[in-house]
Asks: 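Let me give you the structure first, and then I'll get to my questions.
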Amino acid sequence: MSDFRIGDDDFLLDGQPFRILSGALHYFRVHPDQWRDRIRKARQMGLNTIETYVAWNAHAPREGEFDLSGGLDLGRFLDDVAAEGMHAIVRPGPYICAEWTNGGLPAWLFTSGTVGVRRDEPQYLAAVDAYMRQLAPVLVPRQVDRGGPVILVQIENEYGAYGDDPVYLRKLVELNRDIGLTVPFTSVDQPTPDMLRNGSIPGLHKTASFGSRSLERLATLRQHQPDGPLMCSEFWDGWFDHWGAHHHTTSVAESARDLDDLLGAGASVNIYMFHGGTNAGFTNGANDKGVYQPLVTSYDYDAPLDEAGNPTAKYWAFREVLSRYTALADEDVPAEASDAPVFDARLTSIVPLADVVESLGTWASFDAVPTMEELGRFEGFALYRTEVDEAGPSVLEFAEVRDRALVSLNGAPVGVLARDHHDRSLALPAGARGTLEILLEDQGRVNYGPRIGEAKGLIGPARLNGRPPAQWQAMALDLSDLSAVRDAASAAATETEVLAGPAFGVGEFVRDEPADLFLSTRGWGKGSVWINGVNIGRYWSRGPQHTLYVPAPLVRAGRNEIIVLELQAARTGVEFVARPDLGHTES
Ligand code: GLA
């Protein structure tokens with residue numbers, strides 16, 4: 001058992017000044033069998049603490065559920081941190097930003113239409129209360145004063161960039177204390193006077209988030225946090241990527257210098273990210289400051305450990321900086337990356353989506369076009385159908401498309417409505433008659449700013465030549481179990497070299513032993529990939545990302561299954577390559 005507190009000048013661990021040298025590692029972005037390896041490599045770089053957010057919506061995909069198993073076993077993660085002799089910082093949100101879908105807030109929270117998030121509002125606070133009480137048995141006994149690793153808990157996240165409701169912050173603090181958290185609480189804000197003022201209340205130790213100009217930013221923070229230790233709670237050493245933009249990297253030398261400046265000034269740090277991991281499945285967030293920009297699958301972040309957990313040049317540079325501030329043994333270092341196995345496979349069966357939709361959901365009828373939320377799912381895909389009978393030219397319109405709609409008429413593609421192009425209407429072939437079908441993709445919920453919590457799907461009113469279609473049939477696709485696809489695939493072997501979407505391609509590959517793999521997605525259009533039933537994420541020919549990371553624990557010795565849902569068009573060849581290809585950089 002130890003005592004951790006905030007002193008007049010320093011953090012104090014059992015009465016002694018303690019500098020926090022922390023690295024961010026999100027358990028929900030890394031396979032659980034790899035947690036310990038990543039944590040050890042953080043210690044070997046010179047860090048003494050691991051920081052993680054808690055992604056509420058990952059634990060609570062539906063109202064009333066709370067999952068702490070497998071990759072969501074936060075207790076096991078914190079125990080791994082402790083077993084490596086490190087401390088932990090936990091940031092349970094409830095809002096986390098983090099380029100994570102909806103900034104961590106569950107989509108079901110918004111279905112009432114009346115909830116007011118991130119402020120003093122009863123519906124929201126009742127849900128937050130239930131959430132924090134689910135976390136209590138995990139966090140409370142793992143605090144430092146109970147013999148556990150947790151030394152700090154952060155309240156909210158960059159709240160000053162969003163709101164200014166001190167009553168809300170006070171109620172959050174009271175709730176966190178009420179569930180039994182006894183460690184010091186912090187707030188984090190970007191270092192501007194307004195944000196530092198609005199993002200915190202007395203009793204919360206203010207910290208800042210930034211990735212450059214360390215001394216200037218610390219000076220601003222000092223004006224708002226006149227006493228106690230200075231801490232950069234998010235030292236941004238890299239950045240995230242959007243589809244259709246470049247892959248972000250930062251200069252190793254500049255990042256190392258900024259870290260050195262920070263530590264030289266006596267500050268504590270949480271390096272964001274130490275190891276980024278992956279936005280697997282449908283978990284990526286998005287930005288929308290006028291243009292919708294969904295995040296790519298990789299959360300490599302140009303961090304010291306790359307997406308596959310290998311040390312980069314930044315790792316060694318940061319280790320060298322940290323060695324000036326903490327004792328490090330020369331021989332206690334991780335191995336360098338080696339190339340991943342290079343081999344080919346093939347999608348040997350093609351199953352058109354239309355052949356299996358009846359097994360992936362249930363059609364329901366609606367008078368007005370429903371949102372995905374009204375279809376009872378909060379991620380992935382939905383299908384919409386309506387009957388049309390137009391004599392001449394016709395135009396299909398929606399108020400908004402969130403986020404991408406593939407429109408077809410009697411099974412033949414007509415066009416795409418893309419939210420990132422602000423598309424809202426489409427001309428149909430003249431004399432359109434028959435079944436109009438729309439495959440709708442939710443490309444990830446906005447995680448920053450006022451658009452958090454917005455509904456997904458086709459946003460009405462819908463119009464065909466200015467009139468609302470009489471009726472819609474719609475269903476959300478449940479892609480959590482692809483056994484219907486497997487069953488259909490066994491009867492659909494093919495030699496074709498191309499796959500016309502929307503369709504599933506099913507294949508297999510054989511390995512002697514599990515190993516990290518990089519699946520090339522060049523030559524594929526847009527879609528998602530499942531390895532042995534696990535959705536490893538989205539791909540898109542737009543890039544910048546052109547490989548998907550397959551963590552070794554997903555790969556079996558022997559036969560492995562690959563299923564691809566291709567929305568556009570793809571080759572049926574499958575290529576595994578030696579190294580990740582996260583795409584072109586700015587320069
Ligand atoms: C802010 C947020 C983080 C993350 C970073 C950018 O600092 O607090 O959650 O979104 O920006 O990566």
Side-chain angles (χ1 to χ4, degrees), residues 107 110-111 113 288 290-292 294 352-358 360-445 451 454-478 500-503 525-527 565-569:
F110 297 83
T111 51
D288 191 337
V291 177
Y292 175 70
L353 177 63
D355 290 3
V356 284
V357 283
E358 309 293 334
L360 299 175
T362 311
W363 292 105
S365 299
F366 298 86
D367 293 338
V369 70
T371 61
M372 288 211 25
E373 283 73 4
E374 287 167 309
L375 299 174
R377 280 201 89 76
F378 305 111
E379 60 178 29
F381 296 89
L383 264 179
Y384 294 79
R385 278 182 189 165
T386 189
E387 295 302 313
V388 299
D389 186 357
E390 299 294 314
S394 52
V395 170
L396 175 69
E397 291 173 89
F398 300 97
E400 231 187 295
V401 173
R402 299 185 192 145
D403 304 299
R404 192 173 171 83
L406 303 183
V407 183
S408 61
L409 183 64
N410 301 319
V414 174
V416 178
L417 293 168
R419 172 175 176 184
D420 51 351
H421 293 184
H422 298 286
D423 291 337
R424 283 167 191 180
S425 60
L426 185 74
L428 301 182
R433 184 161 296 131
T435 305
L436 186 75
E437 187 166 278
I438 298 168
L439 176 59
L440 185 288
E441 180 185 1
D442 159 7
Q443 292 182 269
R445 291 171 187 270
R451 279 181 169 264
E454 67 187 0
K456 288 291 190 176
L458 295 174
I459 308 300
R463 290 200 179 83
L464 186 61
N465 274 346
R467 302 178 311 273
Q471 240 216 352
W472 289 92
Q473 303 285 311
M475 69 157 85
L477 301 185
D478 180 356
K526 186 175 198 322
L565 171 57
E566 169 64 55
L567 305 173
Q568 299 172 178

Asks: Report the C-alpha distance between V291 and H422 in whole Å, list the side-chain angles of each, state the deciding distance to 0.1 Å, and finish with yes or no for side chain to side chain contact (heavy atoms under 4.5 Å, CB included).
Replies: CA-CA 8 Å; V291 177; H422 298 286; 4.2 Å; yes
Asks: Kindly compute the distance separating CD (E379) from CD (Q443), expressed to the nearest 0.5 Å.
Replies: 14.0 Å
Asks: State, to 0.1 Å, how close A474 and P370 come at their nearest heavy-atom pair, and which atoms those are.
Replies: CB-CG, 3.8 Å
Asks: Testing the basics here: between S365 and Q471, what is the closest heavy-atom pair and its distance to 0.1 Å?
Replies: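 What the structure gives for the nearest pair is CB-NE2, 3.6 Å.
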Asks: What is the minimum heavy-atom distance between P352 and A503, and which atoms define it?
Replies: CA-CB, 3.8 Å
Asks: Rounded to the nearest 0.5 Å, what's the gap from CG on L567 to CZ on F381? Could you check?
Replies: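 The distance works out to 4.5 Å.
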Asks: Kindly compute the distance separating CG (L375) from CG (D478), expressed to the nearest 0.5 Å.
Replies: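 Separation between the atoms: 12.5 Å.
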Asks: Mark yes or no for whether N410, through its side chain, and T435, through its backbone, hold a donor-acceptor pair below 3.5 Å.
Replies: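 Answer holds: yes.
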Asks: How long is the span from the CG atom in D403 to the CD atom in E441, to the nearest 0.5 Å?
Replies: 7.5 Å
Asks: Taking salt bridge (Lys or Arg N to Asp or Glu O under 4.0 Å) as the criterion, tell me which of R445, K456, R402 meets it with E373.
Replies: R445
Asks: Would you confirm whether D423, through its side chain, and L417, through its main-chain N or O, come within 3.5 Å as a donor-acceptor pair?
Replies: no
Asks: Which heavy-atom pair separates W472 from A368 by the least distance, and what is that distance?
Replies: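 Between these two residues, the closest heavy atoms are CD1-C, 3.9 Å.
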Asks: Any chance you could measure E387, atom CD, to L464, atom CG, to the nearest 0.5 Å?
Replies: 11.5 Å
Asks: Which residue pairs pass the salt bridge (charged side-chain N to carboxylate O under 4.0 Å, His left out) test when at least one of the two sits in residues 460-471, sequence neighbours left out?
Replies: E390-R467
Asks: Looking at side-chain heavy atoms only, is the closest gap between W363 and R385 below 4.5 Å?
Replies: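 Sidechains of R385 and W363: in contact.
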Asks: For R433 and V388, what are the C-alpha separation, side-chain angles and deciding distance, and is it a side chain to side chain contact (heavy atoms under 4.5 Å, CB included)?
Replies: CA-CA 5 Å; R433 184 161 296 131; V388 299; 5.7 Å; no
Asks: Going through the distances and angles, do Q473 and T386 end up as a side-chain hydrogen bond (donor to acceptor under 3.5 Å, both in side chains)?
Replies: CA-CA 6 Å; Q473 303 285 311; T386 189; over 6 Å; no
Asks: Looking at every heavy atom in both Y292 and G444, which two are closest together, and how far apart are they?
Replies: OH-O, 2.7 Å
Asks: Can you tell me how far apart CD1 (I438) and OG (S408) are? Round to the nearest 0.5 Å.
Replies: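 It comes to 8.5 Å.
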Asks: For the residue pair V395 and N465, establish whether any side-chain heavy-atom pair is separated by less than 4.5 Å.
Replies: yes
Asks: Do NZ/NE/NH1/NH2 and the carboxylate oxygens of D442 and R377 come within less than 4.0 Å?
Replies: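 Between R377 and D442 there is no salt bridge, as every charged N stays at least 4.0 Å from the carboxylate O atoms.
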Asks: Applying the side-chain contact (heavy atoms from CB on, under 4.5 Å) criterion to L439, which one of V407, L477, V416, V357 satisfies it?
Replies: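 Running side-chain contact (heavy atoms from CB on, under 4.5 Å) over V407, L477, V416, V357 with L439 returns exactly one hit, L477.
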Asks: In sequence, state the C-alpha distance, the side-chain angles, and the governing distance for R419 and R404, and then conclude on side chain to side chain contact (heavy atoms under 4.5 Å, CB included).
Replies: CA-CA 6 Å; R419 172 175 176 184; R404 192 173 171 83; over 6 Å; no
Asks: Which atom names give the shortest non-hydrogen contact between A432 and L409, and what distance separates them?
Replies: CB-CD2, 3.8 Å
Asks: Check whether any side-chain N or O of Y384 sits under 3.5 Å from a backbone N or O of L458 as a donor-acceptor pair, and report yes or no.
Replies: yes
Asks: Start with the C-alpha distance between V414 and L428, add both sets of side-chain angles, then the distance that settles side chain to side chain contact (heavy atoms under 4.5 Å, CB included), and finish with yes or no.
Replies: CA-CA 7 Å; V414 174; L428 301 182; 3.9 Å; yes
Asks: Under the 3.5 angstrom rule, does the side chain of E437 hit a backbone N or O of G411 as a donor-acceptor pair?
Replies: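 Side chain of E437 to backbone of G411: no pair is present.
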